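Everything below concerns the one structure shown next.
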Amino acid sequence: MKKYHDEAVSILEKNDRGGYTVPTSSGLYPAQWNWDSCLVALGWAQFNEERAWQEIDSLFAAQWPDGMIPHIVFHGDDSTYFPNSRVWAAGPSKRTSGISQPPVAATVVRYLYEKFSTSFTRTKTAEIIPKLVRWHEWFYYARDQHRTGLVAIIHPWESGMDNSPVWDRALSRVPEAASVAHLRRDTEFAATEERPTGADYNRYLHLLYTFRDHQYSPEKLFSITPFRIADVGFNSILARANKDLAFLRKEIGGYASAIEYPQAVEKLWDETAGFYFSLDSVEDKPISKPGIGSFLPIFADPGALARHPQIKTHLRRWLAKLNFGLCSFDPDRPEFEPQRYWRGPVWLIVNWMLMDGLRQAGCDDIADRLLKASLQLVERHGFFEYFDPRAGKGLGGPDFSWTAAMYLFLEEEFATEGR
Ligand code: GLC
């Protein structure tokens, strides 16, 4: 709808800091986040092709010499954020974090490439491909040192789904750093009950300090981290990105890669539970708790729905339970918290990934439900960071860039007549 379309455009413009977009102007996240930027490019692409590319370029300008693209790039004053660049003290510039985030970039670049067939797009695509190749190779080198075909996250922040109950057990192995409650700034900008707990934060910081003590060396980090998980959501996003990157390499040509990227997500299927589960790679045990990541294999491979019809049954169960889907954690489990971040609320960016897989698999009824819920959440409650799946209340930061971007993108690419 025009009114919301215009509002979404003005949110992106307001959150633009000149070549990169902050997640929200509320002060909650005063820097550039990796997957936020890529997803926000999908929004910019609806009205400004060049600006969409700038978002990707500014992120990739922070690529480390070993190929990693960090999860945060600090540009200006980051004093309202904790942990900021001084705490991380990471990378050659000391202006980035020292871990990564879900690699959606190749999928976004493929979208831009296919949407705009200008010579500008072709040039930009050709420039970014070698950087994407190095980043994807980095994952297999740095985060799959046992060569399983599945890459591991070594910090909950790397998953993008910071406090999902899926990490609880592994995180409980991590000692708590001395309390950082007095240093946290996030609870000044969002309600405490909508943010991760104090104990979680102290553990996040313990991991950060440990990685910093080891100069972020990938070899060391992989073996010393007490938190190491082959996250099904992350691996699905990477598998999809691998496919999209292979497509681009074929289109543009000339960029050989040493790795034929494995697609090992199927190893995470649990036939008894009828779910894909993440794997705790320290204990070598599946984590039999379904977060929303358990559905993401359909984003990588829509064929997963035909192979495993149970996935649809679970999706319908989750949707039947609440007014607005899809919640980020199994609503029938005791850990479900409808207002706390990744422990229950709805996030539009994940809804898009599910819709994409569902549409490709021909499962339009569920995709349409997710689309309707996503657009209604915004139109009735505003452009919030995430939403309560019961009544739809907006939670976390207001005027959120990726929510605005998803609105623009879904409206353009997914909405059909008469919704
Ligand atoms: C939180 C989210 C993460 C996001 C970041 C900035 O840490 O969990 O996914 O990238 O905020 O929006």
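One-based numbering, in listed order, for ligands and for the atoms of each. Bear in mind the structure is a predicted one, so any value in this text is a computation, not a measurement.
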Q. Who passes salt bridge (Lys or Arg N to Asp or Glu O under 4.0 Å) against Lys115, sequence neighbours left out?
A.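 By the salt bridge (Lys or Arg N to Asp or Glu O under 4.0 Å) rule, Lys115 matches Glu413.
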
Ligand 1 N/O to protein N/O, distances under 3.5 Å:
| residue | atom | partner | partner atom | Å |
| --- | --- | --- | --- | --- |
| ligand 1 | 7 (O) | Asp162 | OD2 | 2.7 |
| ligand 1 | 7 (O) | Tyr341 | OH | 3.3 |
| ligand 1 | 8 (O) | Gly160 | O | 3.1 |
| ligand 1 | 8 (O) | Asp162 | OD1 | 2.7 |
| ligand 1 | 8 (O) | Asp162 | OD2 | 3.2 |
| ligand 1 | 8 (O) | Trp342 | NE1 | 2.9 |
| ligand 1 | 9 (O) | Trp35 | NE1 | 3.0 |
| ligand 1 | 9 (O) | Gly160 | O | 2.6 |
| ligand 1 | 10 (O) | Trp35 | NE1 | 3.2 |
| ligand 1 | 10 (O) | Asp36 | OD1 | 2.6 |
| ligand 1 | 10 (O) | Gln101 | NE2 | 2.9 |
| ligand 1 | 11 (O) | Tyr29 | OH | 3.4 |
| ligand 1 | 12 (O) | Asp36 | OD2 | 2.7 |

**Q.** Test applied, side-chain contact (heavy atoms from CB on, under 4.5 Å); reference residue, Leu12; option that passes from Leu408, Asp399, Asn48
**A.**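 Only one option passes, and that is Leu408.
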
Q.
Tell me whether the rings of Trp33 and Tyr29 are parallel (<30°), tilted (30 to 60°) or perpendicular (>60°).
A.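 Aromatic pair Trp33/Tyr29 classed perpendicular.
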
Q) Relative to each other, are the rings of His146 and Phe222 parallel, tilted or perpendicular (30° and 60° limits)? A)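 Correct class here is perpendicular.
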
Show the atom names and distances, to 0.1 Å, of all donor-acceptor pairs under 3.5 Å that link a side chain in residues 343-354 to residues at least two apart or in another chain.
| residue | atom | partner | partner atom | Å |
| --- | --- | --- | --- | --- |
| Arg343 | NE | Glu337 | OE2 | 3.1 |
| Arg343 | NH1 | Asn163 | O | 3.0 |
| Arg343 | NH1 | Asp168 | OD1 | 3.1 |
| Arg343 | NH2 | Asp168 | OD2 | 2.8 |
| Trp347 | NE1 | Tyr341 | O | 3.2 |
| Asn351 | OD1 | Leu326 | N | 3.2 |
| Asn351 | ND2 | Gly325 | O | 3.1 |
| Asn351 | ND2 | Ser374 | OG | 3.1 |

Q | Contacts of Ala89 that satisfy side-chain contact (heavy atoms from CB on, under 4.5 Å) - sequence neighbours left out | A |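 Per chain and number, Ala89 pairs via side-chain contact (heavy atoms from CB on, under 4.5 Å) with Lys94, Arg212.
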
